[in-house]
Amino acid sequence: MSDEAESAAAKELKTFPCDRQLLSARFSPCGGLLASGAMDRVVMRWRVAENDLIPLPPLTGGNGWVQSIAFHPTEQLLFVSDSWGRLACTPYEGEAPSVRWDHAAAHDGAVRRVAVSTDGRLLATCGSDQFVRIWNSADGTPVAEHQHTSDVFALAFTPDGAHIVYGDMFGKLFALDFGTGKIMVEFDAALFYKLAQLQDVAGLRTLTFLDEGRTLAAAGCQPEGGGFLEGAPLLLQFEFSSGKLLRETRPGGAKDGFIHDLAWHPRGFLMAATSGQPGSGMLFFLRPEEKEPFYTNTAMPNCHALALHPDHRRIVVTSTNRDSNGNGRLTANDGQYPANTSPLHLFEVSV
């Protein structure tokens with residue numbers, strides 16, 4: 001691809017400020033609303049216009065960081081999980097909608113990920129308590145559970161909704177028949193794990209299916225050490241039926257850190273958002289069969305979420321303010337410790 005064509009793959013239309021730090025973002029299936037989970041227990045909402053995001057009152061009721069959210073595919077419902085183990089189902093329209101159902105302790109510890117089946121009947125969650133759980137989306141009743149042997153970091157339904165794929169701290173991935181509790185396929189993604197000075201460093205962050213479920217993409221970071229973590233963004237692609245590793249891609253260096261969010265565009269390429277050392281962030285587009293991204297944008301620091309609009313023409317990337325704070329930063333002149341915020345960047349995709 002020529003330099004001119006590459007630069008035209010995505011055009012930033014507008015940046016929208018947000019007064020808190022965001023961790024997750026998704027568009028509603030109708031495309032009329034953007035929801036984003038925040039670090040301060042709420043879900044932020046925006047009404048989506050052509051090239052505008054109009055703020056709405058947030059959804060409250062959470063207990064911790066809202067790490068993962070998922071929309072029902074046909075009903076106006078949003079599923080919300082947080083770092084205190086809460087799982088809830090709430091309408092997403094209205095000034096202050098009442099929660100439909102709520103499990104304050106769906107997991108004993110952080111819920112790492114919530115996913116919804118294609119038909120909307122089932123939810124899946126995983127957490128730091130080593131469990132994968134399946135729920136009835138209509139009323140929140142438990143359907144099945146599977147106890148693993150370590151912290152579970154990511155999961156996804158297969159496109160037909162019949163099975164779950166999940167991944168753990170040590171970079172081991174499993175395809176689970178949750179009806180029988182049997183493991184169907186195992187995948188070796190150990191590149192996502194490193195033991196560094198008695199510290200388990202887990203790099204897996206997200207799982208996504210490509211090409212109608214034939215390929216499983218696992219994304220995160222290949223750690224180089226613990227403590228002040230450094231590592232390169234890593235994407236592994238597996239043949240789902242056999243577990244065979246097809247290819248591995250490292251679209252960045254040691255300072256670039258984690259692929260935190262990944263989306264499959266119907267035109268045949270992956271879109272990813274990364275966050276690494278302070279000030280390091282990247283949006284990139286990659287065709288699965290190619291070694292290098294055909295589009296890269298490094299202008300946004302520390303990106304944590306990427307949402308693809310149902311029109312497949314627009315995306316939103318959440319980043320972090322340029323002067324983000326870390327351990328050792330001084331208080332402001334008023335004596336307060338300034339919190340980080342997450343600007344939202346609206347792009348038009350023209351690939």
Side-chain angles (χ1 to χ4, degrees), residues 23-26 67-68 70 112-115 124 126 151-159 164-175 187-194 201-211 213-224 229-240 243-265 268-276 280-298 300 302-308 315 317-319:
L23 295 170
S24 52
R26 293 292 182 265
Q67 295 178 292
S68 183
R112 300 285 190 191
R113 186 72 62 174
V114 57
C126 62
D151 192 343
V152 183
F153 273 77
L155 58 68
F157 276 100
T158 54
I164 284 288
V165 175
Y166 70 90
D168 70 9
M169 171 185 293
F170 301 105
K172 297 178 180 178
L173 312 182
F174 305 88
F187 309 80
D188 181 5
L191 290 173
F192 288 117
Y193 171 76
K194 187 176 183 67
V201 185
L204 178 66
R205 287 298 179 269
T206 186
L207 297 168
T208 301
F209 279 97
L210 319 181
D211 52 31
R214 291 186 294 273
T215 304
L216 173 67
C221 169
Q222 182 173 5
E224 293 191 359
L229 188 146
E230 288 194 342
L234 176 65
L235 172 68
L236 301 181
Q237 298 177 58
F238 298 90
E239 181 180 67
F240 178 64
K244 177 185 176 182
L245 178 64
L246 299 175
R247 58 188 66 89
E248 56 186 73
T249 308
R250 293 170 183 80
K255 71 179 180 63
D256 292 312
F258 293 86
I259 297 174
H260 276 287
D261 212 353
L262 192 67
W264 173 246
H265 197 285
F269 60 92
L270 285 157
M271 319 168 81
T274 78
S275 177
S280 297
M282 180 166 44
L283 166 68
F284 71 84
F285 298 170
L286 173 75
R287 294 186 177 89
E289 68 279 4
E290 297 179 356
K291 293 184 177 180
E292 299 292 336
F294 66 88
Y295 169 79
T296 302
N297 183 325
T298 58
M300 300 170 290
N302 302 100
C303 305
H304 285 93
L306 183 154
L308 174 63
I315 61 172
V317 178
T318 70
S319 66

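Keep in mind that this is a model prediction, so the values were computed, not measured. Computed over heavy atoms, backbone and side chain alike; hydrogens, waters and symmetry mates excluded.
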Who pairs with [X] by side chain to side chain donor-acceptor pair (under 3.5 Å), at least two apart in sequence or on another chain?
| X | value |
| --- | --- |
| Ser24 | none |
| Glu230 | none |
| Glu290 | none |
| Asp211 | Thr215 |

Where is the tightest heavy-atom contact between [X] and [Y], given as atom of each residue plus distance?
| X | Y | answer |
| --- | --- | --- |
| Leu308 | Ala263 | CB-CB, 4.5 Å |
| Cys126 | Val152 | CB-CG1, 3.5 Å |
| Pro293 | Leu286 | N-CD1, 3.7 Å |
| Phe192 | Ala218 | CZ-O, 3.5 Å |
| Ala305 | Ala25 | CB-N, 3.6 Å |
| Cys303 | Met282 | SG-N, 4.1 Å |

Which side chain to side chain donor-acceptor pair (under 3.5 Å) pairs, counting each pair once, include a residue from residues 248-258, with sequence neighbours left out? Gln222-Arg250, Glu248-Arg250
How far does [atom1] of [X] sit from [atom2] of [Y], to the nearest 0.5 angstrom?
| X | Y | atom1 | atom2 | result |
| --- | --- | --- | --- | --- |
| Ile259 | Ser275 | CD1 | OG | 12.0 Å |
| Thr318 | Leu306 | OG1 | CG | 8.5 Å |
| Ser280 | Asn302 | OG | CG | 6.5 Å |
| Asp188 | Lys172 | CG | NZ | 9.0 Å |

Please enumerate all residues that pass salt bridge (charged side-chain N to carboxylate O under 4.0 Å, His left out) together with Arg112, with sequence neighbours excluded. Asp151
Tell me every residue that passes salt bridge (charged side-chain N to carboxylate O under 4.0 Å, His left out) with Arg247, counting only those two or more places apart in sequence or in another chain. none
Check ring-ring contact (aromatic ring centres under 6.0 Å, His included) between [X] and all other residues, then give those that pass, not counting sequence neighbours.
| X | answer |
| --- | --- |
| Phe284 | none |
| Phe269 | His265, Phe285, Phe294 |
| Phe174 | His148, Tyr166 |
| His260 | Phe258, His304 |

As a test of understanding, state which of Phe157, Phe240, Trp264 forms a ring-ring contact (aromatic ring centres under 6.0 Å, His included) with Phe209. Phe240
Salt bridge or not between Arg26 and Asp261? Use side-chain N to carboxylate O under 4.0 Å. yes
Pairing residues for Ala217 by the side-chain contact (heavy atoms from CB on, under 4.5 Å) criterion, not counting sequence neighbours: Leu210, Leu235, Leu262
Quick one: do Leu173 and Phe238 satisfy side-chain contact (heavy atoms from CB on, under 4.5 Å)? Show the steps, please. CA-CA 10 Å; Leu173 312 182; Phe238 298 90; 3.9 Å; yes
Please check if the side chain of Glu224 supplies one atom and the backbone of Ala254 the other of a donor-acceptor pair under 3.5 Å. no
Can you list the steps and then say if Leu229 with Val201 is a side-chain contact (heavy atoms from CB on, under 4.5 Å)? CA-CA 8 Å; Leu229 188 146; Val201 185; 3.1 Å; yes
Intermediate values then yes/no, side-chain contact (heavy atoms from CB on, under 4.5 Å), Phe153 and Thr206: CA-CA 8 Å; Phe153 273 77; Thr206 186; over 6 Å; no
Is the closest side-chain heavy-atom distance between Leu216 and Phe187 below 4.5 Å? yes
